[in-house]
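Before any comments, here is the structure.
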Amino acid sequence: MNIGIIGSGNMGTALGRIWSNNGHKVLFSYSRDLNNLRVLIQSIAPNASVGTPAEAAQFGEVIFLAVPWVALEDALSAAGSLDGKVLITCVSPLKPDFEGLTTGLQASSEISAAERIAQLAPKARVVEAFNLTFAEILQSESRQFGSEQASIFYCGDDQEAKQLTAELIKESGYEAIDVGPLAIARSLESLATIWVQMAVVSGLFPKVGLKVLRS
């Protein structure tokens, strides 16, 4: 499929490379350094290209949004219409300090980052995923932890969009776990806060994965 990446930092480029290597066509956009992107696509051509957020939005059947929280509204404004698009977001409201501690959204906030994105792009089919892994793992040759496969949680209100997201999660080397409607992103983002802080403070960052165990 065609995948537009809006936010070509560590997460966006890592997943874009994986998906391109799996045969998808990927258009990268919204980077501080377009020259770095042009260098990147030379190593994964012919399935990769560089463009503007608006071009990524038009190009992609699926859009992957991976921008800093403070850049969210600017990125979506630059993208333009996302009507009908499957919009996968890993946008995190976490604010890391210099000691690796994190804080989430203000306590007065009543919705998640994913729900805010759904407000800003009301006709997009929003799914939250990939906020419980690290770019360093995605950049490595394998996402396996010894004999174990890590889990990725995802949530959304559109079943077809969730199915496509699950396929991309599996292609990325993870077990896909459906945790329900988009409102669950409130809990998922809280879990991500705990996950990031645990990984950093314990010294395990970034070589750590989350696994759902079954009896």
Heavy atoms, side chains only, cut-off 4.5 Å: are [X] and [Y] in contact?
{"X": "Y154", "Y": "V179", "value": "no"}
{"X": "K85", "Y": "R125", "value": "no"}
{"X": "V86", "Y": "E61", "value": "no"}
{"X": "V67", "Y": "V91", "value": "yes"}
{"X": "E128", "Y": "T165", "value": "no"}
{"X": "V26", "Y": "F64", "value": "no"}
{"X": "W195", "Y": "N131", "value": "no"}
{"X": "K123", "Y": "S81", "value": "no"}

Would you give the length of the straight line joining atom [atom1] of [X] to atom [atom2] of [Y], rounded to the nearest 0.5 angstrom?
{"X": "L132", "Y": "S92", "atom1": "CG", "atom2": "OG", "value": "9.5 Å"}
{"X": "T13", "Y": "I18", "atom1": "OG1", "atom2": "CD1", "value": "10.0 Å"}
{"X": "S112", "Y": "L182", "atom1": "OG", "atom2": "CG", "value": "5.5 Å"}
{"X": "D158", "Y": "Q163", "atom1": "CG", "atom2": "CD", "value": "9.0 Å"}
{"X": "L213", "Y": "S151", "atom1": "CG", "atom2": "OG", "value": "8.0 Å"}
{"X": "I44", "Y": "S49", "atom1": "CD1", "atom2": "OG", "value": "9.5 Å"}

Search all heavy atoms of [X] against all heavy atoms of [Y] and return the closest pair with its distance.
{"X": "A14", "Y": "Q139", "result": "CB-CG, 3.7 Å"}
{"X": "M11", "Y": "C90", "result": "CE-SG, 4.2 Å"}
{"X": "S31", "Y": "L37", "result": "CB-CD1, 3.4 Å"}
{"X": "S172", "Y": "W19", "result": "OG-NE1, 3.1 Å"}
{"X": "L72", "Y": "L65", "result": "CD1-CD2, 3.8 Å"}
{"X": "P93", "Y": "A113", "result": "CD-CB, 4.1 Å"}

> Does the pair V50 and E55 meet the rule for a side-chain contact (heavy atoms from CB on, under 4.5 Å), with working shown?
Replying inline: CA-CA 9 Å; V50 174; E55 288 169 336; over 6 Å; no
>> Show me the pairs that pass side-chain hydrogen bond (donor to acceptor under 3.5 Å, both in side chains) and involve residues 198-215, at least two apart or across chains.
In response: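 Those involving residues 198-215 are E175-R214.
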Does [X] belong to the same Ile/Leu/Val/Met/Phe/Trp/Tyr cluster as [Y], with side-chain heavy atoms less than 4.5 Å apart forming each link?
{"X": "V70", "Y": "L76", "value": "no"}
{"X": "F59", "Y": "M1", "value": "no"}
{"X": "L27", "Y": "I88", "value": "no"}
{"X": "I177", "Y": "I184", "value": "yes"}

> How would you list, by chain and number, every residue that makes a side-chain contact (heavy atoms from CB on, under 4.5 Å) with E167, sequence neighbours excluded?
Replying inline: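 With neighbours one apart ignored, the set is L164.
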>> Which label fits F130 and Y174: parallel for a plane angle under 30°, tilted from 30 to 60°, or perpendicular past 60°?
In response: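 The rings of F130 and Y174 stand perpendicular, inter-plane angle above 60°.
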> Is atom CD of E136 surrounded by more than 12 heavy atoms (other residues, nucleotides or ligands) closer than 6.0 Å?
Replying inline: yes
>> Using the rule given for side-chain contact (heavy atoms from CB on, under 4.5 Å), can you reason through H24 versus L168, listing the C-alpha separation, both sets of side-chain angles and the distance that settles it, and then say yes or no?
In response: CA-CA 10 Å; H24 302 294; L168 290 172; 3.9 Å; yes
Could you tabulate the donor-acceptor pairs under 3.5 Å formed by side-chain atoms of residues 2-10, not counting sequence neighbours?
| residue | atom | partner | partner atom | Å |
| --- | --- | --- | --- | --- |
| S8 | OG | S29 | N | 3.1 |
| S8 | OG | S29 | O | 2.7 |

>> V196 vs F134, test: side-chain contact (heavy atoms from CB on, under 4.5 Å). Steps then yes/no.
In response: CA-CA 9 Å; V196 172; F134 300 115; 4.1 Å; yes
